[in-house]
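Heads up, the thing below is written out as structure tokens.
Within every chain, numbering begins at 1; the chains are lettered A, B, ... in the order of the sequence lines, protein sequences first and strands thereafter. These values consider heavy atoms only, across backbone and side chains, with no hydrogens, waters or symmetry-generated copies.
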Amino acid sequence: MIVQIPMQTSSSSYELKTVTLQQIQDLRHVSGGFAQFFYSPGATDSTLTGSAPVAHFAQKGATFYPLDYISAQMAAIYYHMQSLTSFNQKVNAADVNVGPRVVGLEARVFDNNREGTNNAFYDGSTDAMVFEPFTNTDLAISLNAGIIAHEYFHSLFFKLVLKQAYKNKKIITSSASIHGQGAIEFAQAVTKLRTQTEESDQDAALLNEAYLRGINEGLADFWGWVYTEDVNFMKWSLPSFVGPRVLTLSESDIGRYETKAKIRAKIEEFKAFSSEVHNSIIGYSYQIGTPHARFLKQLVTFEAGDLKIPVSEAKVKVASEVIEFLHSIQRKVTALKDGESMEGDEVFQFFADKNADNKALGDKTCQFLTSYLGASTSAQKSKLTCAKKDEVVKTTTPSADQK
Amino acid sequence: MKKYAGLVLLLLSQNIWAENILDLTPLQLQYRYEDSTNQNKDYIRYESYGVALQIESLRLGFDFSKQRDQTGNESFNVENEKKDYLFIAGYDFYTIQEKKSIYRFDFFANGIIGSSQSKVTTNLLNASSSTTTDQYPVFGLGLSAVARIRYFMSEVEVRALNSKNFNPSTVFTTQLKLGLTFSI
């Protein structure tokens, strides 16, 4: 089925393009192999409930034109789900999201008796991407390719990292949204887990929560950039949130991020001055996340240069490594003992180690990677060191010959 | 003033119904029960105009209907203008008309055929793209009652119409028409 939708064609433009929607089984509800929609849905513990929105199209030749706003959103989201599923295959995550993605449109979500608007989030318990009503005059979130990719990443993070952690009661948070306001929490589950957690362990739990929330948001922003090549993809829909989340890394920001010590201090501050520590952490998580997104984006640029490959290829390479990282962080989270917390530099550590054996690694890239290790004790743990220009000294475990 | 009133009374008092009658119906109130842009079914108002010629028991008519809606916001919105061109063939199966009466009532069973077309204009961040879609055939059945009082007529019609360009494909319409009628 060929359909016209708004597509991001560059970092500075959206245009109407015709695309092919595959595996469509029911055009009236735009349902098929890649997406299934619910309109203003309810939810049980495990699924969205309610009816599907009805889409209206007019046909000219082989092309279908959405006749209204909702139909355009449905067609656009279906296409992005299809493309992101295809991208999953390239980055070895094909088996993470199986079957059509469940999508809720015009979802009425209440937080403290206030109805949420202009937000989107991934809800792990129902495995659904949920879009609240969009009331601004900007491009709707549901048409914003970068934000859709961002939310899609949350589903990967949930399934590869958080799901197991919840099962093992290692963390106490769940959903993640495009911005902090109106994010849904599963209050009952959180309360239950908190009461089960010893007071002395709560600091570690809060730190883990902040860190995991942070990298979830940061890596999701990276996914948004990978999908759109727009360092500022939020500007189309949420210009007021843009400033701190632009993914351009300035020279002075290289190596700067929220270290474990900073996160811990911030949590202490929240505990001292905020009655809603958890909500404060939600807002803070983006501050933790953005340096990670900028780091990965810059790494793509460096790797494209080092390996003499197109940026598109480097994006796939780094994104594949992000998926590997998710597997590794899941193991680490699962192995956490009570009262034990994350180091806060796991992403940087992972990519430094990943490149320790990379013979093509340029000196600039190496310096870039190690600059993120200097802020913590990880510098001593890293297998990667940089010698002189264009030469990388590996400090891997000595081989039998060397011994 | 009295002169004009007298003329109107004179005209209205004459019974000159001929076998053939021409109806012009520029004032129409048409509602279709169909999918709205708010994800529910609603009575959607259409703008329509028509003309009909009755030759003895057969009545042939033409209706033009259009409806326009716009959804979205300033950055992205979709305008949909739908136009229908319908030919109506009606059989006058019952007439109430007394001798020398200035009024008559006719009841028709109608068959409808025509076409429907949409013009979709999509506005995205100040750029606009417009497409006129394929013409889709329309088929329908209807019943109508026509009341004529000298030069004035009114008609109430219900229809079931089917077209791929409708949402859903079969819609029910109710129409009130007001116009002028002429014996020819």
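- With respect to chain A, the highest number of heavy-atom pairs below 4.5 Å among B/Asn77, B/Thr121, B/Thr132 belongs to B/Thr132.
- Between A/Phe87 and A/Trp223, the ring-plane angle classifies as perpendicular under the 30° and 60° cut-offs.
- In this structure, the portions of A/Leu139 lying under 4.5 Å from any heavy atom of chain B include both its backbone and its side chain.
- Using bins of under 30°, 30° to 60° and over 60° for the plane-to-plane angle, the ring pair A/Tyr78/A/Phe34 lands in the perpendicular bin.
- The contact between B/Ser36 and chain A is made entirely by backbone atoms, counting heavy-atom distances below 4.5 Å.
- Both the backbone and the side chain of B/Thr122 come within contact range of chain A, each with at least one heavy atom under 4.5 Å from a heavy atom of that chain.
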Let me have the donor-acceptor pairs involving side chains of residues 138-147 of chain B, under 3.5 Å, with sequence neighbours excluded, atom names and distances please.
unit_1: B/Ser144; atom_1: OG; unit_2: B/Asn110; atom_2: ND2; d: 3.1
unit_1: B/Ser144; atom_1: OG; unit_2: B/Glu155; atom_2: OE2; d: 3.4

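- Between A/His154 and A/His150, the ring planes are perpendicular. Angles over 60° get that label, and only those under 30° would be called parallel.
- In this model, a donor atom of one side chain and an acceptor atom of the other lie less than 3.5 Å apart for A/Ser155 and A/Asn97.
- For chain B, the nearby part of A/Phe134 is the side chain; its heavy atoms alone come within less than 4.5 Å.
- With a threshold of 4.5 angstrom between heavy atoms, A/Tyr39 approaches chain B through side-chain atoms but not through N, CA, C or O.
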Should A/Tyr227 and A/His80 be marked as a ring-ring contact (aromatic ring centres under 6.0 Å, His included) after you check the CA-CA gap, both sets of side-chain angles, and the distance that decides it? CA-CA 9 Å; A/Tyr227 190 58; A/His80 292 307; 5.5 Å; yes

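- Contact count against chain A (heavy-atom pairs under 4.5 Å) is highest for B/Asp35 among B/Asp69, B/Thr37, B/Asp35.
- Only the side chain of B/Lys164 has a heavy atom closer than 4.5 Å to any heavy atom of chain A.
- Counting only heavy atoms from C-beta outward, the side chains of A/Gln73 and A/Leu105 approach each other to under 4.5 Å.
- Contacts of A/Gln4 with chain B are made by side-chain atoms alone, with heavy-atom separations under 4.5 Å and no backbone atom involved.
- Contacts between B/Asn38 and chain A at a heavy-atom distance below 4.5 Å involve the backbone alone (N, CA, C, O).
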